[in-house]
Amino acid sequence: MEFDRFDIDGPVLFVPNRHRDPRGTFAETFREDEFRAAIGDVTLVQENQSISKPINTIRGLHYQSEPHVQGKLVRVTTGEIMDIAVDIRPHSPTFGQHIKIKLSAENWYQLWIPPGFAHGFRTMRPDTTVIYKVSDYYSPENDRGIAWNDPDLQIDWELFGQQPVLSEKDRAQPALIELFSVDVARAAAAHHALAGDIGRYHASTGD
Ligand SMILES: Cc1cn([C@H]2C[C@H](O)[C@@H](COP(=O)(O)OP(=O)(O)O[C@H]3O[C@@H](C)C(=O)[C@@H](O)[C@H]3O)O2)c(=O)[nH]c1=O
């Protein structure tokens, strides 16, 4: 298993070593020892699978709040997604920024999204299967979301005018600023991470 890191600290891309022969392909898709060597003391306790039938289904942006924050190890076994992880760690120098990467049945990529990130994806093909292991159990009381199209996040979903398919819940998620306004202002003032928006965040929090 190879791995790579990103400009935003925390997420890790795992790429399994594939063994090809006339029958097809074999790969180790998860090894706890290698995962822990790269990530640290994290145990994955639940595995989820979703199948999205229409192309341009967007699920997200989702996270669980304390005390049930989740890290997620995401992969695709059929189809392709554009995977998005937004840094929502209030004191992070990259608060509000995101990483974007394509995961597909062909590239076998696995993205580790640590606690402190909101996660979402757009399916780039019909009938896309996403499988992900998580580091804490599902807790409906701690289920949280951010609007996929929050303009402050500046995510280019590459929809090119197409309407995404969304759950009712995801059509009504709040903007980041509604959830994190005070911390955003503090983080922005401390790190100048959101240059240009600082005045507006201060105004909206009354600081
Ligand atoms: C996430 C989850 C949902 N459910 C139930 C709740 C609901 O009835 C049904 C569908 O849930 P959702 O609409 O939240 O499913 P979905 O929109 O696919 O939610 C997922 O989106 C991606 C982007 C993530 O990162 C995941 O953590 C998760 O939030 O499944 C569970 O039973 N266990 C779980 O772990």
Side-chain angles (χ1 to χ4, degrees), residues 6 8 10-14 29-30 35 39 42-89 92 95-105 107 109-150 152-159 162-176 178-180:
F6 296 84
I8 295 178
V12 175
L13 183 70
F14 290 94
T29 55
F30 180 76
F35 177 74
I39 302 303
V42 172
T43 304
L44 299 173
V45 298
Q46 180 180 325
E47 185 173 84
N48 303 326
Q49 173 167 338
S50 66
I51 302 175
S52 302
K53 286 188 170 296
I55 190 172
N56 291 332
T57 298
I58 290 182
R59 295 179 188 249
L61 302 153
H62 299 158
Y63 64 100
Q64 286 194 173
S65 61
E66 294 282 0
H68 292 294
V69 294
Q70 288 179 320
K72 301 171 187 176
L73 183 62
V74 184
R75 67 191 179 113
V76 168
T77 53
T78 311
E80 184 172 28
I81 62 171
M82 175 183 290
D83 212 18
I84 303 282
V86 182
D87 184 354
I88 55 169
R89 298 167 296 189
S92 166
F95 179 89
Q97 296 180 24
H98 64 275
I99 60 164
K100 170 163 107 170
I101 186 159
K102 288 175 187 167
L103 312 183
S104 72
N107 69 20
Y109 287 179
Q110 295 190 25
L111 183 64
W112 166 248
I113 301 170
F117 283 74
H119 172 235
F121 59 83
R122 174 176 76 81
T123 58
M124 302 175 67
R125 293 182 219 159
D127 299 312
T128 288
T129 301
V130 178
I131 297 178
Y132 48 103
K133 293 180 170 61
V134 293
S135 65
D136 199 350
Y137 294 107
Y138 175 55
S139 170
E141 302 75 35
N142 299 92
D143 186 34
R144 299 284 183 278
I146 301 169
W148 68 279
N149 57 352
D150 178 352
D152 282 338
L153 300 181
Q154 293 181 39
I155 298 170
D156 181 2
W157 291 95
E158 299 176 37
L159 280 161
Q162 305 284 311
Q163 287 305 308
V165 177
L166 298 159
S167 68
E168 235 167 81
K169 182 179 78 174
D170 286 346
R171 273 195 286 271
Q173 300 284 18
L176 183 71
E178 293 170 50
L179 298 160
F180 286 88

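Just the heavy atoms: all of them, side chains too, but no hydrogens, waters or symmetry mates, feed the values below. Ligands are counted one by one from 1 in listed order, and the atoms in each one are counted from 1 as well.
- Less than 4.0 angstrom separates atom 19 (O) of ligand 1 from at least one non-hydrogen atom of the protein.
- In this structure the side chain of R75 never reaches within 4.5 angstrom of the side chain of L103, judged on heavy atoms.
- The closest approach between Y137 and ligand 1 stays at or above 4.0 Å for every heavy atom of the residue.
- Looking only at heavy atoms of the protein, atom 34 (C) of ligand 1 is closest to Y138 CG, 3.2 Å.
- When the options Q110, E47, Q70 are evaluated for a side-chain contact (heavy atoms from CB on, under 4.5 Å) with K133, the one that passes is E47.
- Under 4.0 angstrom from ligand 1, the non-hydrogen atoms of Y132 all belong to its side chain.
- What sits closest to atom 21 (O) of ligand 1 on the protein, heavy atoms only, is H62 ND1, 2.8 Å.
- Here is the list of ligand 1 atoms found below 4.0 Å of a heavy atom in K72: 24 (C), 25 (O), 26 (C), 27 (O).
- Residue-level proximity to ligand 1 for H119 is carried by backbone and side chain together, each with a heavy atom below 4.0 angstrom.
- Residues Y109 and D83 form no side-chain contact, since every pair of their non-hydrogen atoms from C-beta on lies 4.5 Å or further apart.
- The closest side-chain heavy-atom distance from K169 to H62 is below 4.5 Å.
- Checking atom 30 (O) of ligand 1 against the protein gives no heavy-atom contact under 4.0 Å.
- Distances from ligand 1 to the non-hydrogen atoms of Q46 include at least one value under 4.0 Å.
- For atom 9 (C) of ligand 1, no protein heavy-atom neighbour is found at a distance under 4.0 Å.
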Start with the C-alpha distance between K53 and T123, add both sets of side-chain angles, then the distance that settles side chain to side chain contact (heavy atoms under 4.5 Å, CB included), and finish with yes or no. CA-CA 9 Å; K53 286 188 170 296; T123 58; over 6 Å; no
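- Looking at E47, Q70, R59, it is R59 that brings a heavy atom closest to atom 15 (O) of ligand 1.
- For ligand 1, the atoms lying closer than 4.0 Å to a non-hydrogen atom of K169 are 12 (P), 13 (O), 14 (O).
- In this structure, W148 and W157 have perpendicular ring planes: the angle between them is above 60°, well past the 30° mark.
- Using a 4.5 Å cut-off on side-chain heavy atoms (C-beta onward), L111 and I99 make contact.
- For the pairing with F30, the ring-ring contact (aromatic ring centres under 6.0 Å, His included) check across F14, F35, Y132 returns one residue only, F35.
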